[in-house]
Amino acid sequence: MGVVIEQELGTVHGDEMILNIGPQHPSTHGVLRLKVHTDGEIITQITPYIGYLHRCFEKHCENLTYEQSIPYTDRCDYIGSMNNNFGYAVAVEQLMETKVPEKVEYMRVIVAEMNRIASHLLALGTFGLDVGAFTPFLYCFRDRERILDLFEMLCGARLLYNYIWIGGVSHDFPVGWVEKTYEFLDYFEPKINEYNDLLTYNKIFIERSADVGVIPADVAISYGVTGPNLRGSGVRWDLRKDDPYGIYDRFEFDIPIGTGAMGSVGDCWDRYYVRVRELEECVKIIRQALDALPRDGDVHAALPKKIRPKAGHVYSRTESPRGDLGYYIASDGSDIPSRIKMRSPAFTALSCLNEISRGWMISDVIAILGSLDIVLGEIDR
Amino acid sequence: MSGQLIIFWIVTLVTVLSAATVVFSKNLIYSAVALLFTLLGVAGLYVFLWADFIAVTQILIYVGGILVLIIFGIMLTHRITSVRLSHSSMQRGIGGAIVLMIFVGLTSMIFRAPWYRVAAVEPQETVRQIGRLLMVDYLLPFEVASVLLLAALMGAALLSRKVN
Amino acid sequence: MVDYFLETFSEITWLASSPNLSFVLAVTLAGLPIFLFMALNALIAVYAERKISAFMQDRLGPMGQGVGLHAGKWGILQTVADAVKLITKEDIIPATADRKLFIIAPFILFTASFTAFAAFPFNEYLVAADFNIGLFYILAMGSVGVIGIILAGYSSNNKWSLYGAMRSAAQIVSYEIPAGLSLLSVIMLSGSLAFRDIVAAQTGTTLAILPNWFILDNPFTFIAFWIFFVAGVAEVNRTPFDLPEAESELVAGWMTEYSGMRWSFFFLAEYANMFIVAGVASLLFLGGWLSPIPGYLEGNLWGIFWFISKVSFLIFVMMWFRWTFPRLRTDQLMRLCWKFFLPASFVTIIGVGIWDLFVR
Amino acid sequence: MDFAGIIGIINAKFGEGFASIDEEVSADTVRLTPEQWGQLAPFLRKTPELFFDAMMCITGIDEGVESENLAVSYNLHSMKHNHKLEIYVSMPKSDPKVPSVEQIWRVADWFEREVYDMFGIEFEGHRDLRRILLPSDWDGFPLRKDYEFPETWHGIVINKMKEGWE
């Protein structure tokens, strides 16, 4: 191993120091290693090393039937598992040309948006933690806990749900769940202002995040940065509106984008604030979906007896909390997929790290990394 | 021997031994740390001379300021800590002779000098006197010195700036 | 207190015959309470910090239930349990560390805050050693501690420690200047460096009912108080100035390689330094041991009570800072010091002079 | 723009029959050889009417043990015009080489490294083609269908998958 490491070090200039951030570090959001060349505290180059959490998701999928892969998708992005299930189910349904019942469509939107709130709360909290604010993190966790409780009531699991199946969902909403969700929304909406008061408009927080780590719109598109990170750069692009899947075209909601209110468009503060604004939009969508939710209907009605799509392939993408979550599924006509590729949004977001953080300081890199909201389980798969 | 004398000897011993370590240590950072104890010891000696203000100033400026800068400089200089300091000298004979002469000269002077002896009185309020001297009697030299230091500071800032 | 003990011993016949023994005894008797006080201060402050942070974050903090191996009711014994854990922990020195410096570093830091306590008055009489330049002495001792931090960072032979030590040295050396300068305004008004005189100058009332504390004396001392307090928070490396140990960036900064007993010395020193900063601020600006209602509730024991209350309040404010604010960046920290605090502290000096000459 | 329109523009530039539609794989997929892809990629990015500025995904595919072919599938998207295109480039397993588009779409940097890591497809012109997910001293390319699982790695015995687990 010694030899390998020596080769990796490459050329070091006189005044430069090489700093290994990770694989074990408090704010790499998982097992990520950043090889950082620094001149004093200024970063001259960053090379991310990933793969510490590689669990052979794609190889596993080649040995499992279509429905057996769903729990594996949970484990990729363990912060937004519902959205991963959703994306996978949508992709396979597209391949099989299945039509799912109306009620299931609404249920999927509700749980996916709830999970988006949970995921964004984690992202906001940990970003605060990365710039040194401890308390907002626990406030976010307090509210995220309520969502996890609701999910536990729904399917028994708190993180890895295996809830959305191909052609349906695993359980109908339990008795009282809808009412509890309404209660949660009433409780949650005023809390968003609490985060704003505590962190968003804090002078030090703005100093630390405004104008830092700017991703210009063209760089963001070229690097395949998607989701809130792309919207933070001022690009109004959301798959739920621009390329709707499921029944998202039926809902009224806005797409918040970064405006450079505190610094320039595409800085860390914009990315952070887009997520805050999206919390409000998620609440809007959930309210509409709950109001329109059909009372009866069998959630298992459209579950296929045998999943055996005809030969061919499909690339389908959905809007996960982190951005475009794509599944490329190739079928050879058997009940085992010949290839499943997951295009994870955090993977592409991380790839632009070197481009946007050169010239900033070590503290800023931690802030930039936090604002990109990466999940290593999804990057390494 | 009174308690104060014991403490005096302890302070003197610490000062001399750590000063020797500063000179003889082969590791630069050890020398710097030994310098810390030397400076503290000298501050202790000032206290025995009833110069409490000077003693505390010694700690504040030399330990808190200059020594920190020295250690900072050692840490920031590339690989200076691994440099082995050598003490080999070319002119041992002549050097030794000169040192011996100085030693004999100083010692004989200490023993022969007619020391001005007064009864030990505890001076009160040294701070007030120092303040008066600096701000009233010697105000002009004090201000000139500060202007000189300011010029030196600006020169240093100018020299150390990277020219791009 | 040393003098008091010496006087007492001179009346005891078997001690009076041996001045050496009585001197050593007097110094030990005066020093031991300081050590105990530092330990007690850390115990209480850690518990308070946990509970305060917990209540600010919608949690309960350490809670013990029932009897047995739990940490007492409301987790009161939590810090005791922590202390036992730290003492019994394995003592680890990294193989590549510079052993001698690694061992000596915590003691330098600890000794610096320990000796600073020597000149610290809790009321008019309760002080280990009464200097007539007490304030200056405490400032000087505070500046020695930074050497311990630098050595800890250097000797660990760890890049995080090195970064932490460099940040810490730069930060403490810089913030010493506005902190010291802002104290000058009070020294100008009281005309002394002895705490006894400084506090004595604050007796009486101002504007009929308010206590005649220096913070209320004129607008410039009011500003000076805040400069000193904020710079003091920076000097003890607490949030929002906790860059040297910034856990999200530098793992644990200069303390990364320390554990067990050695680490707990850093810990003791940190809480002792918090006490020193809060104490100096309350002695110089908040009337020290004077009662907030002039003329009432005065006396020696009340003095200790008032002093501890003022210090505790300021320590609480520091904890409040910590659980509310994010952390600054190195350059922002330096900018704040050199571009805002330093000029502002000069303004307070000139302003107090003008106020004293013309307005009063 | 719809799929036929895109094909029309491409064929107008490179000659009729350049982009062949493969109904068997998928209705809106263009099948190309590696050389053709090298010519087409900058055109797709630059032409104002097409303007595929976003590379959504690059997928490596092993077409199966029998076919002796590897393939790379590129999913392109235009943020401006909101149209999509899939390019399917296949090559023989004996000489898997494709021109790199890393300098056209920066996101392709890591995607191509991943495909190289898993399939051993060489992207010619890539400036930093290293393994990305696997350790740099790993042997073989695990997502190929004929990949043999190693028995040990650096002296660590790898447990075989238990019989009867499906």
Side-chain angles (χ1 to χ4, degrees), chain A residues 17-22 24-29 34 36 38 40-42 125-143 145 191 194 197-212 268-269 272 360-370, chain C residues 49-50 52-61 153 157-171 230 233-234 237-253 255-256 319-336 339-340:
Chain A
M17 178 157 131
I18 289 180
L19 191 66
N20 268 309
I21 301 181
Q24 279 86 32
H25 186 275
S27 40
T28 46
H29 296 248
L34 300 174
V36 180
T38 58
E41 290 227 7
I42 311 282
T126 49
F127 181 43
L129 203 57
D130 285 339
V131 294
F134 200 97
T135 303
F137 173 70
L138 283 153
Y139 280 37
C140 289
F141 262 54
R142 175 194 66 194
D143 298 339
E145 192 67 18
K191 294 288 172 194
E194 200 171 82
D197 292 343
L198 191 56
L199 190 62
T200 311
Y201 297 117
N202 182 302
K203 176 82 176 114
I204 300 176
F205 179 72
I206 292 170
E207 284 274 315
R208 279 298 305 277
S209 56
D211 274 328
V212 171
C268 289
W269 195 87
Y272 167 88
W360 290 102
M361 298 175 112
I362 294 173
S363 321
D364 295 320
V365 170
I366 302 295
I368 292 169
L369 204 60
Chain C
E49 176 123 49
R50 287 181 172 217
I52 289 171
S53 71
F55 293 145
M56 284 182 179
Q57 293 166 349
D58 241 5
R59 317 181 268 127
L60 290 172
N157 202 357
N158 176 322
K159 285 171 184 170
W160 303 117
S161 305
L162 190 67
Y163 270 113
M166 291 200 298
R167 284 182 179 189
S168 177
Q171 177 178 334
V230 175
V233 172
N237 297 337
R238 285 190 61 94
T239 315
F241 310 105
D242 62 338
L243 294 105
E245 48 194 87
E247 76 278 349
S248 65
E249 296 152 23
L250 300 185
V251 189
M255 301 192 277
T256 306
M319 291 176 179
W320 193 357
F321 282 174
R322 174 163 179 188
W323 300 110
T324 311
F325 290 139
R327 183 186 306 118
L328 284 168
R329 204 171 58 201
T330 322
D331 58 328
Q332 292 164 347
L333 182 89
M334 289 296 158
R335 199 173 63 209
L336 186 69
K339 292 197 174 166
F340 296 98

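Values reported hereafter were calculated over all heavy atoms of this structure, with side chains retained and with hydrogens, waters and symmetry mates removed. What you see is a predicted model, and the numbers here were worked out from it, not measured in a lab. Reminder, nothing fancy here: chain letters follow the sequence lines and each chain counts from 1.
- In terms of the side-chain hydrogen bond (donor to acceptor under 3.5 Å, both in side chains) criterion, Gln24(A) has no residue partners (sequence neighbours excluded).
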* To do: Please assess Phe141(A) against Arg59(C) for the test side-chain contact (heavy atoms from CB on, under 4.5 Å), listing each intermediate value before the final yes or no.
  => CA-CA 11 Å; Phe141(A) 262 54; Arg59(C) 317 181 268 127; over 6 Å; no
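- Thr324(C) pairs by the side-chain contact (heavy atoms from CB on, under 4.5 Å) definition with Leu198(A), Trp320(C), not counting sequence neighbours.
- Contact count against chain A (heavy-atom pairs under 4.5 Å) is highest for Lys159(C) among Arg322(C), Met166(C), Met56(C), Lys159(C).
- The greatest number of non-hydrogen atom pairs below 4.5 Å with chain C, out of Gly128(A), Ala367(A), Pro26(A), Gly370(A), is found for Pro26(A).
- Formation of a donor-acceptor pair under 3.5 Å by the Arg208(A) side chain with backbone atoms of Arg327(C) is found in this model.
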* For the pair Trp160(C) and Ile21(A), evaluate side-chain contact (heavy atoms from CB on, under 4.5 Å) and give the outcome as yes or no after the intermediate values. => CA-CA 10 Å; Trp160(C) 303 117; Ile21(A) 301 181; 3.6 Å; yes
* To do: Dump the intermediate steps for side-chain contact (heavy atoms from CB on, under 4.5 Å) on Val251(C) and His25(A), then the final yes or no.
  => CA-CA 7 Å; Val251(C) 189; His25(A) 186 275; 3.6 Å; yes
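- In this structure, CG on Leu19(A) lies 5.5 Å from OH on Tyr163(C), to the nearest 0.5 angstrom.
- Of the possible polar contacts, one joining the Gln332(C) side chain to the Glu207(A) backbone as a donor-acceptor pair under 3.5 Å is found.
- Atom CD1 of residue Ile362(A) and atom OG1 of residue Thr330(C) lie 8.0 Å apart, to the nearest 0.5 angstrom.
- Heavy atoms only, all atoms of each residue included: Pro326(C) and Leu199(A) are closest at CG-CD1, 4.1 Å.
- When all heavy atoms of Gln57(C) and Tyr139(A) are compared, the pair lying nearest together is CA-CE1, 3.7 Å.
- Proximity to chain C (any heavy atom under 4.5 Å) is restricted, for Leu138(A), to the side chain, taken from C-beta onward.
- One finds the CD1 atom of Ile42(A) at 7.5 Å from the CG atom of Asp331(C) (value rounded to the nearest 0.5 Å).
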